[in-house]
There are 2 protein chains.
Amino acid sequence: MTFAEPSPTSCAGPAPRDCKHGRGNDCDDCKVRRFSVCGALEPAELEELDRLSQVRNFPARTMLFDQDAPADNVFNLTDGMVRLCKSLPDGRRQIVGFALPGDFLGLALMERYGVAAEAVTQVRVCRFARPAFLAYVDGKPHLLRRLHEFAGHELSLAQDQMLLLGRKTAEEKVAAFLLNLQTRYARVGAASVTIPLPMSRQDIADYLGLTIETVSRTLTKFAREKVIVIVPDGVRLLMIGRLDQSDAARSAVPF
Amino acid sequence: MTFAEPSPTSCAGPAPRDCKHGRGNDCDDCKVRRFSVCGALEPAELEELDRLSQVRNFPARTMLFDQDAPADNVFNLTDGMVRLCKSLPDGRRQIVGFALPGDFLGLALMERYGVAAEAVTQVRVCRFARPAFLAYVDGKPHLLRRLHEFAGHELSLAQDQMLLLGRKTAEEKVAAFLLNLQTRYARVGAASVTIPLPMSRQDIADYLGLTIETVSRTLTKFAREKVIVIVPDGVRLLMIGRLDQSDAARSAVPF
DNA sequence: AATATCCATTGACCTGGATCAATAATCGGC
DNA sequence: GCCGATTATTGATCCAGGTCAATGGATATT
């Protein structure tokens, strides 16, 4: 844990300008946008969600929860990056997603977590006890609706990833990965042609269904072709159109 | 279609014993279990859901809705099998799931369908107009909750499939496919060691991220090993344990 | 500064599954 | 029942990406 952790503090809503929660918290936490849920909440609801949540910090490379563990909590990521992993008993691993600020973890609301969540960087989350979260959320139709939309979006992303894993080439996979990450960073408000890649090559490989060597070779190839520049802890996109070509099918268009 | 089809008829709930919908419908439809939603509905709610839904039939190999089309309807499959496909412009295709009776289609509730839904067999569905469905469902917390759980379950299945697509061998993929199908048929009440495979080899290949030839060879191999018997339109499982071995990782367990 | 550890890159080679190419079943349509 | 069309099986060959191995570069430890 690098920075001081204020005792349980608010993370329920978009920052009220002059936020005082009456519990001695400053409100840096509130500056993080939580588009998924907190868009349309009433002040009273914010107060209540507030009471349900605790801020937690996790150092890089620690586990927020393990695959198949009882799903006691729901998390909203406010800072950092989390990887969601499924593993086979022999160690083969598939990363099913990288969570960025605003994303929910454990929202499937099943008995047990289907994936493990591991901090890629330092991570800050809002943690909700599941029963309290459920009890609160029940009877808030627009909130339920919001959560459902979030789940639907997740499902849609998962289906895109299935298409990628099942039918795309190594080059298309890496290109799609970079372009998606860029889009997501932009949505989090960190738009830039330089994409931070805090995760390891092994993580990228396990996300794309490739090996570390193939990821490395493909990135090198893109760099040779002047489509990207590899920088410390990231990549600078030079010719997005060119990357898109790798991503999209270069259709054969007969006759 | 095996049994007579009455004109537009109810499909909103688990069969009330002496079902009369007041619209001249007999209730064979209601015998189909819809565990996902209809488990805990009030009679009044059933009536209303009833009014919102229409029964539709689709012949085999027809499309219920197309990828990227406006998501005007929500469907509940009551009979038959539907494949959910995503395609790349050059024709590469990934089947992201096969729907069986009880499953919902278009529940992500987004503007447009992310996948195409195509009837594998003759299909019967309950169709809901999306706005009506949403309006009805809003303010029914337990129903929303149910739908959310369904979406969560879908997501979990999608993640399992990602692990399969990204990290399993052809043999493991085919074995997992057969075992999953068996489990699902059992849940639909059609338990048997003989698994119907109404979909084509190409469908199976596109579901597992393989080619038709590899699917065929792998099934032949299992048959040679006396783990399955290939029968017309299906497969009979002989040694489920053996299949499970192919499916699960045969862990190397060092020292 | 030297050493150990870990991770990424690069090269050489191999292989599981793809591709290409015949058959062989199966299914409609008469 | 016969014929053409579609789909499945089987075999021969190929190659994208995996495996194995060496090297380089970065970070941490003493």
Side-chain angles (χ1 to χ4, degrees), chain A residues 2 59-61 83 88 90-94 120-121 164-177 196-225 228-235 246 249-250 252, chain B residues 59-61 83 88 90-95 118 120-122 164-177 196-225 228-235 246 249-250 252:
Chain A
T2 352
R61 333 211 134 239
R83 60 172 180 245
L88 255 15
D90 67 353
R92 281 175 292 174
R93 185 179 73 151
Q94 180 67 36
V120 171
T121 62
L164 177 145
L165 289 169
R167 289 298 180 221
K168 290 189 180 175
T169 65
E171 238 174 271
E172 290 173 321
K173 286 176 175 182
V174 174
F177 170 70
L197 296 176
M199 72 291 280
S200 69
R201 294 291 188 264
Q202 186 64 64
D203 286 343
I204 299 176
D206 286 344
Y207 181 59
L208 299 176
L210 298 172
T211 59
I212 197 177
E213 293 93 335
T214 300
V215 170
S216 189
R217 276 189 253 271
T218 305
L219 286 173
T220 304
K221 177 158 186 267
F222 286 159
R224 253 201 323 270
E225 292 169 352
I228 63 172
V229 177
I230 299 173
V231 299
D233 295 314
V235 145
S246 305
R250 349 65 200 312
Chain B
R61 338 212 127 235
R83 60 173 181 243
L88 254 15
D90 67 353
R92 281 176 291 175
R93 186 179 72 151
Q94 179 68 37
I95 292 182
E118 298 165 2
V120 171
T121 62
Q122 264 266 359
L164 178 145
L165 289 168
R167 288 299 180 220
K168 289 189 180 176
T169 65
E171 239 175 271
E172 290 173 320
K173 286 176 175 182
V174 174
F177 170 69
L197 296 176
M199 72 291 280
S200 69
R201 293 292 188 266
Q202 185 64 64
D203 286 344
I204 300 175
D206 286 343
Y207 182 58
L208 299 176
L210 297 172
T211 59
I212 196 177
E213 293 95 333
T214 300
V215 170
S216 189
R217 276 188 254 271
T218 306
L219 287 174
T220 305
K221 176 159 186 266
F222 286 159
R224 254 201 322 270
E225 292 168 352
I228 63 171
V229 177
I230 299 173
V231 299
D233 296 314
V235 146
S246 306
R250 353 58 202 319

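Heavy-atom basis, side chains included; hydrogens, waters and symmetry copies ignored. Here the structure is a predicted model, which means the values were calculated and not measured. The chains referred to below are lettered A, B, ... by the order of the sequence lines, with proteins before strands, and numbering in each begins at 1.
- Residues A:L164 and A:E172 form no side-chain contact, since every pair of their non-hydrogen atoms from C-beta on lies 4.5 Å or further apart.
- A distance-only check finds a donor-acceptor pair linking the side chain of A:T220 to the backbone of A:S216 [under 3.5 Å].
- Rounded to a whole Å, the CG atom of A:D233 is 10 Å from the P atom of C:dA8.
- Not counting sequence neighbours, the partners of A:R93 by the salt bridge (charged side-chain N to carboxylate O under 4.0 Å, His left out) test are A:D203, A:D206.
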Filtered N/O pairs between nucleotides 28-30 of chain C and protein, under 3.5 Å:
none

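- Applying the side-chain contact (heavy atoms from CB on, under 4.5 Å) test to A:A60 and every residue at least two apart in sequence or in another chain returns nothing.
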Assign a letter to each nucleotide of nucleotides 15-25 of chain C from its 5' end: B, base within under 4.0 Å of a protein heavy atom; S, sugar-phosphate only; -, no contact. --SSBB-----
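- Residues that satisfy the side-chain contact (heavy atoms from CB on, under 4.5 Å) test with A:P198, not counting sequence neighbours, are A:M81, A:V120, A:T121, A:Y185, A:P196.
- A:R92 places a side-chain N or O within 3.5 Å of a backbone atom of B:R167 that can act as its donor or acceptor partner.
- The shortest side-chain heavy-atom distance between B:M199 and B:R83 does not fall under the 4.5 Å cut-off.
- Residues B:K168 and B:L208 have side chains not in contact (no heavy-atom distance under 4.5 Å, counting atoms from C-beta outward).
- Residues meeting the side-chain contact (heavy atoms from CB on, under 4.5 Å) test with A:T214, sequence neighbours left out: A:A170, A:L210, A:T211, A:T218.
- If you take CG of A:L197 and C1' of C:dC7, they are 14 Å apart, rounded to a whole angstrom.
- Nucleotides of DNA chain D with any atom under 4.0 Å from a heavy atom of chain B span, from 5' to 3', D:dT7 to D:dA12.
- Each end of the helix from C:dA1-D:dT30 to C:dC30-D:dG1 yields a helix axis from five base pairs, and these two axes differ in direction by 50° (to the nearest 10 degrees).
- Legend: residues meeting side chain to side chain donor-acceptor pair (under 3.5 Å) with B:R217, ordered by chain and number and at least two apart, are absent.
- To the nearest angstrom, C1' of C:dG11 lies 16 Å from CD1 of A:I212.
- In this view, A:E213 satisfies the salt bridge (charged side-chain N to carboxylate O under 4.0 Å, His left out) rule with no residue, not counting sequence neighbours.
- Evaluation of the ring pair (Phe, Tyr, Trp, His ring centres under 6.0 Å) rule for B:Y207 yields B:F98, B:F177 as partners, not counting sequence neighbours.
- Between A:G166 and B:L165, the shortest heavy-atom distance links the atoms CA-CD2, 4.2 Å.
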